[in-house]
Amino acid sequence: MRLTFSIIAVAVLAAVQAGEVVRIAGFAEAEQWKTSPERPGQTLTAMPEGGLKLTWKTPCERGFWLTAGKTVRYHMFKRARFTLRFNASADTPPTAFFLRFQDLSGEKFQYPVLWRECRDGKAVFKVDTDVTPKSHWDGNRDGIVDWPLTFVGITVDAPYDRFAECELLSLDAEILEEMPVRRLSAFDTPGEFYIANNSADQPLTLREAGGLRLDWPEAKPSGWLYLTQPVRLPQFDQAEFFLRCDAPADSDIRRILLRFIDDGGEVYRISRSWSE
């Protein structure tokens, strides 16, 4: 059996384009969310018309913590706006809403909006990744986002000594300012790459739809693809590299690596399993 692997593009880029509004959650199904931990006096109910109803009986714990069942990851943005739509009575409202994110090191970042800051049934969270929020913990605890940033859940607070309820309707995200983006290669130029120790049974061909196609026998465990003219990167503290690629379902591709070398000759590798 021969293995086939196509590389389409490699770039530093954002998963969501600036100005694009993306629905993170519609709160239509209660089973996609769970309270963590479950606390006496708090109930979570799926509403027939959609939305999740949160109820606090008296007395009970203030924080109603909802863990997201759907993983949403964000890549390298400077500023973003997250809008939580809800229904709540002015007589029995919650006191605050919190969005919680987690970075690659496991550090948690929490962003608040108080009830008095909400308007027209909306809590608007402004996230600036250059500014460390007051609430951050776990991971390396340095207050600096190690990308990617993953949305992990919502906390809604209510007074300890009175009944309260709130219905969550939707959560949307809009990237306001992206990180700088640079495409390193579109894999569409003949001679731009070569295969180390290339032989006739490991051809490298341009695809008509764009990108490079690499074929090699099962006997060859790997295929290193090198730039004919290496690309010098600007100095950076953090960056994310996105490699778009595909392979037939029956191809036994196990791992992808990117290789870098600094001015001193030291080699660095970024490795990801195919399942990631």
Side-chain angles (χ1 to χ4, degrees), residues 3 5-18 73-80 101-107 109 127-132 136 138-150 175 177-199 202-207 210-216 220-247 253-276:
L3 301 183
F5 180 64
S6 298
I7 305 174
I8 303 169
V10 62
V12 184
L13 42 79
V16 181
Q17 301 300 312
R73 291 179 178 171
Y74 295 92
H75 302 273
M76 304 296 285
F77 66 82
K78 283 184 175 290
R79 295 184 302 113
F101 300 85
Q102 178 175 301
D103 74 2
L104 187 62
S105 77
E107 186 170 7
F109 297 84
V127 177
D128 186 336
T129 57
D130 288 336
V131 179
T132 302
H136 65 96
D138 289 348
N140 58 20
R141 301 184 183 183
D142 63 359
I144 299 173
V145 175
D146 298 304
W147 297 94
L149 198 63
T150 302
I175 304 301
E177 184 180 355
E178 300 173 346
M179 292 289 192
V181 177
R182 179 182 178 184
R183 172 152 292 189
L184 302 183
S185 176
F187 296 94
D188 57 359
T189 304
E192 182 183 12
F193 289 86
Y194 68 93
I195 302 175
N197 302 319
N198 192 17
S199 61
Q202 196 177 12
L204 182 65
T205 56
L206 287 173
R207 304 190 331 163
L212 289 176
R213 174 170 172 154
L214 175 64
D215 293 272
W216 66 94
K220 283 188 175 290
S222 64
W224 272 109
L225 204 61
Y226 286 94
L227 280 161
T228 306
Q229 294 293 329
V231 176
R232 178 172 288 275
L233 300 176
Q235 184 174 344
F236 59 84
D237 293 320
Q238 267 193 95
E240 281 196 321
F241 294 84
F242 292 85
L243 178 68
R244 292 184 56 230
C245 48
D246 59 29
I253 306 297
R254 299 179 182 178
R255 185 163 293 276
I256 302 173
L257 296 93
L258 294 183
R259 181 180 289 182
F260 305 86
I261 186 169
D262 66 14
D263 287 339
E266 187 172 357
V267 176
Y268 302 86
R269 293 183 181 182
I270 301 175
S271 175
R272 290 290 183 269
S273 68
W274 180 250
S275 60
E276 295 179 289

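Position 1 is the first residue of the sequence, and the numbers go up from there.
Screening D138, V145, L149, D142 for a side-chain contact (heavy atoms from CB on, under 4.5 Å) involving E107 leaves a single residue, D142.
Note: E177 CD to T129 OG1 = 8.5 Å, rounded to the nearest 0.5 Å. Between atom CZ of residue R269 and atom CG of residue L258 there is a gap of 11.0 Å, rounded to the nearest 0.5 Å. With rounding to the nearest 0.5 angstrom, the CZ atom of R259 is 14.0 Å from the OH atom of Y268.
Among all heavy-atom pairs drawn from I144 and D103, the shortest one is O-OD2, 3.4 Å. Taking every heavy atom of both residues into account, G143 and T132 meet most closely at O-OG1, 2.7 Å.
The shortest side-chain heavy-atom distance between F77 and V127 falls under the 4.5 Å cut-off.
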Inset, instruction - Could you walk me through whether F260 and I270 pass the side-chain contact (heavy atoms from CB on, under 4.5 Å) test, one step at a time? - result: CA-CA 8 Å; F260 305 86; I270 301 175; 3.6 Å; yes
